[in-house]
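Working notes, structure below.
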Amino acid sequence: QVQLQESGPGLVKPSQTLSLTCTVSGTSITTNYVYWSWIRQPPGKGLEWMGAIDYSGHTYDSPSLESRTSISRDTSKNQLTLQLSSVTPEDTGVYYCAVGSSRFQYDSWGQGTQVAVSS
């Protein structure tokens, strides 16, 4: 069974960079034809797709976040990484990693990790 687990700091100060890790078990992140996405949900709002990295390492970013988002992977550790720079309180929310057959379709999700941006 595919399992995803997000980890990272629960509190980040404004202007700093948020770094989150998604540890994957049950399948390789290099498995053909699968996409690994980051999605977030601000309090009281809907889900927002942030970006993805596919099986070959190609990345895709939401236009609204592209300038601040960096998605990468470590195949030796079977991990995904999200970095979001210059954070503001509006970046507060629950952050998820998910996997699917496209960057907009998700078959499995991590449990999510709460991130607060506050001074």
Distance check, rounded to the nearest 0.5 Å: [X] atom [atom1] versus [Y] atom [atom2]?
X: L47; Y: S37; atom1: CG; atom2: OG; value: 11.5 Å
X: L82; Y: I53; atom1: CG; atom2: CD1; value: 11.0 Å
X: N78; Y: T30; atom1: CG; atom2: OG1; value: 7.5 Å
X: Q16; Y: S119; atom1: CD; atom2: OG; value: 11.5 Å

Heavy-atom check, side chain of [X] versus side chain of [Y], under 4.5 Å:
X: L4; Y: V99; answer: yes
X: T81; Y: L20; answer: no
X: T92; Y: E90; answer: no
X: I29; Y: W36; answer: yes
X: Y95; Y: L18; answer: yes
X: T59; Y: T69; answer: no
X: V2; Y: S108; answer: yes
X: L11; Y: S118; answer: yes

Hey, is the main chain of S56 close enough, under 3.5 Å, to the side chain of N32 for a donor-acceptor pair?
no
Using only heavy-atom distances, determine whether the side chains of [X] and [Y] contain a donor-acceptor pair under 3.5 Å.
X: D54; Y: Y33; value: no
X: R103; Y: Y35; value: no
X: Q83; Y: S19; value: yes

Pick out which of Q79, K77, Q3, E6 makes a side-chain hydrogen bond (donor to acceptor under 3.5 Å, both in side chains) with T23.
Q79
Closest non-hydrogen atom pair between V12 and P9, with its separation:
CG2-CG, 4.1 Å
Taking all non-hydrogen atoms of both residues, which atom of P42 and which atom of G46 are closest, and how far apart?
CD-O, 3.6 Å
Above 12 or not: heavy atoms from other molecules or residues under 6.0 Å from CD of Q105?
yes
When the ring centroid of Y96 is compared with that of W38, is the distance short of 6.0 Å?
no
In sequence, state the C-alpha distance, the side-chain angles, and the governing distance for Q111 and Q5, and then conclude on side chain to side chain contact (heavy atoms under 4.5 Å, CB included).
CA-CA 7 Å; Q111 65 185 15; Q5 176 67 64; 3.1 Å; yes
Are F104 and W109 connected in the hydrophobic side-chain network, where two residues link if heavy atoms are under 4.5 Å apart?
yes
I need the single residue from V115, L65, V94, T113 that forms a side chain to side chain contact (heavy atoms under 4.5 Å, CB included) with R40. Which is it?
L65
